[in-house]
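Step one of this worksheet: look at the structure below.
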Amino acid sequence: PYDSFPEAVTAARAKRKSGDLEGAADIYRRIPSAFPDKKNAVTTAAEGLKDCGYWTEATGMLETALQKWPASALYL
């Protein structure tokens with residue numbers, strides 16, 4: 001539903017700021033697959049999930065990225 005990575009991140013942050021943590025988390029969960037060309041999509045999404053209180057899910061997202069791209073300093 002979002003045309004760009006910045007638009008999705010802005011929408012998720014707005015939802016989080018307004019107190020809609022589940023709505024923000026839903027957007028963050030979709031960001032990595034919606035914008036696979038954005039190298040920082042996973043880290044941005046994981047940070048957003050963490051900020052919404054989904055620590056375990058955020059950690060799992062980063063672990064998956066590290067398995068997929070083990071040489072990427074972005075996930076270390």
Side-chain angles (χ1 to χ4, degrees):
Y2 299 101
D3 293 327
S4 71
F5 175 68
E7 182 183 352
V9 173
T10 298
R13 288 178 179 160
K15 284 191 178 282
R16 183 172 51 86
K17 188 174 181 178
S18 74
D20 183 3
L21 299 181
E22 187 57 41
D26 285 342
I27 296 170
Y28 285 125
R29 287 181 187 111
R30 288 183 269 142
I31 285 176
S33 60
F35 304 100
D37 58 321
K38 289 293 190 184
K39 194 157 187 146
N40 65 336
V42 173
T43 54
T44 300
E47 183 178 347
L49 284 170
K50 175 191 64 85
D51 291 345
C52 290
Y54 295 90
W55 286 77
T56 303
E57 193 172 348
T59 301
M61 186 179 281
L62 290 173
E63 287 173 348
T64 299
L66 189 56
Q67 289 174 355
K68 188 172 181 180
W69 300 291
S72 178
L74 197 60
Y75 307 114
L76 298 177

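The chain is numbered in sequence order, starting from 1. Both backbone and side-chain heavy atoms feed into the values below; hydrogens, waters and symmetry mates do not.
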Practice problem: Under the side-chain contact (heavy atoms from CB on, under 4.5 Å) rule, what do Y28 and E57 come out as? Steps first, then yes or no, please. | Solution: CA-CA 11 Å; Y28 285 125; E57 193 172 348; over 6 Å; no

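Across all non-hydrogen atoms, the minimal contact from C52 to R16 is SG-CD, 3.7 Å. In terms of heavy atoms, M61 sits closest to A45 at SD-CB, 3.6 Å. When all heavy atoms are compared, the tightest approach of A58 to L49 is CB-CB, 4.0 Å.
Partners of E22 according to the salt bridge (charged side-chain N to carboxylate O under 4.0 Å, His left out) rule, which considers only residues two or more places apart in sequence or in another chain, are R29.
One N or O on the side chain of S33 and one on the backbone of R30 form a donor-acceptor pair closer than 3.5 Å.
In this structure, the separation between OG1 on T59 and CG on L66 is 12.0 Å, given to the nearest 0.5 Å. Taking OG1 of T43 as the reference point, atom NZ of K50 lies at 12.0 Å (rounded to 0.5 Å).
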Please set out all donor-acceptor pairs under 3.5 angstrom arising from side-chain atoms of residues 2-10, sequence neighbours excluded.
unit_1, atom_1, unit_2, atom_2, d
S4, OG, E7, N, 3.1
E7, OE1, D3, N, 3.1
T10, OG1, P6, O, 2.8

